[in-house]
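What follows is a short report on a single structure.
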Amino acid sequence: QVQLVESGGGVVQAGGSLRLSCAASGRTFSSYVVGWFRRAPGKDREFVAAITLDYGTTYYGDSVKARFTISRDNAKNTMYLQMNSLEPEDTAVYYCAAKDRTFGLRSADQYLYWGQGTQVTVSS
């Protein structure tokens with residue numbers, strides 16, 4: 001099993017930046033995909049970004065493309081989400097997640113493991 005723990009959330013003004021981290025423990029594999037989802041109050045869970053652990057191929061949701069950057073450090077079993085130019089609409093609980101294949105990587109239901117989430121609040 002894989003355990004995921006997010007950190008780095010907080011309160012930031014619009015236009016600011018935050019860097020989220022997701023630390024994995026337990027069994028991990030280079031074929032895994034790790035990603036970020038977010039859930040804002042009253043809204044559906046939204047795909048944010050994902051990265052493959054083998055070649056580092058990245059994927060982004062339309063709402064965050066060009067503002068967020070996902071990366072991973074396989075040696076540390078840690079994945080990061082650098083969030084720049086934050087907007088109030090980015091306010092949400094952010095979750096990291098992992099899955100064992102690339103199929104359906106934009107779909108939350110396809111992910112096997114989830115962290116508990118970290119709150120990101122962007123003030124206007």
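If you're wondering where the values come from, they're calculated on a predicted model, not measured in any experiment.
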If I take atom [atom1] from residue [X] and atom [atom2] from residue [Y], how far apart are they, to the nearest 0.5 angstrom?
X      : Y      : atom1 : atom2 : answer
Glu46  : Arg38  : CD    : CZ    : 4.0 Å
Phe68  : Asn84  : CZ    : CG    : 8.5 Å
Asp90  : Met83  : CG    : CE    : 7.5 Å
Leu86  : Thr121 : CG    : OG1   : 10.5 Å
Ser71  : Gln82  : OG    : CD    : 8.0 Å
Ser124 : Glu87  : OG    : CD    : 12.0 Å

Close side-chain approach of [X] to [Y], heavy-atom, < 4.5 Å:
X      : Y     : answer
Met79  : Ile70 : yes
Arg72  : Thr78 : no
Thr58  : Thr69 : no
Ile51  : Val33 : no
Val2   : Leu4  : yes
Leu105 : Lys99 : yes

>> Applying a strict under-4.5 Å side-chain criterion to I, L, V, M, F, W and Y, I'd like to know whether Val12 and Tyr80 cluster together.
In response: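 No, Val12 does not connect to Tyr80 through the hydrophobic network.
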>> Between Leu112 and Leu53, is there shared hydrophobic-cluster membership here, with clusters defined by ILVMFWY side-chain heavy atoms closer than 4.5 Å?
In response: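 Yes, Leu112 connects to Leu53 through the hydrophobic network.
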> With a 4.0 Å cut-off, would you call Asp44 and Arg39 a salt bridge?
Replying inline: no
>> Listing request: all ring-ring contact (aromatic ring centres under 6.0 Å, His included) pairs with a residue in residues 84-111, at least two apart in sequence or in separate chains.
In response: Phe37-Tyr111
>> On a heavy-atom basis, which atom in Tyr60 and which in Ala49 lie closest, and how many Å separate them?
In response: CD2-CB, 3.6 Å
> Looking only at heavy atoms, which two atoms of Ala98 and Val34 are closest? And how far apart?
Replying inline: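 The answer is CB-CG1, 3.9 Å.
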>> Is it the case that atom CG in Asp73 sees more than 12 heavy atoms from other parts of the structure closer than 6.0 Å?
In response: yes
> Above 12 or not: heavy atoms from other molecules or residues under 6.0 Å from CD of Gln116?
Replying inline: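 Count not over threshold, so no.
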State whether the side chain of [X] and the backbone N or O of [Y] hold a donor-acceptor pair below 3.5 Å, judged by distance alone.
X     : Y     : answer
Thr52 : Thr57 : yes
Glu6  : Cys96 : yes
Tyr59 : Gly35 : no

>> Test of understanding: with salt bridge (Lys or Arg N to Asp or Glu O under 4.0 Å), list the residues that count as partners of Arg45, not counting sequence neighbours.
In response: Asp109
> Ser85: what forms a side-chain hydrogen bond (donor to acceptor under 3.5 Å, both in side chains) with it, not counting sequence neighbours?
Replying inline: none
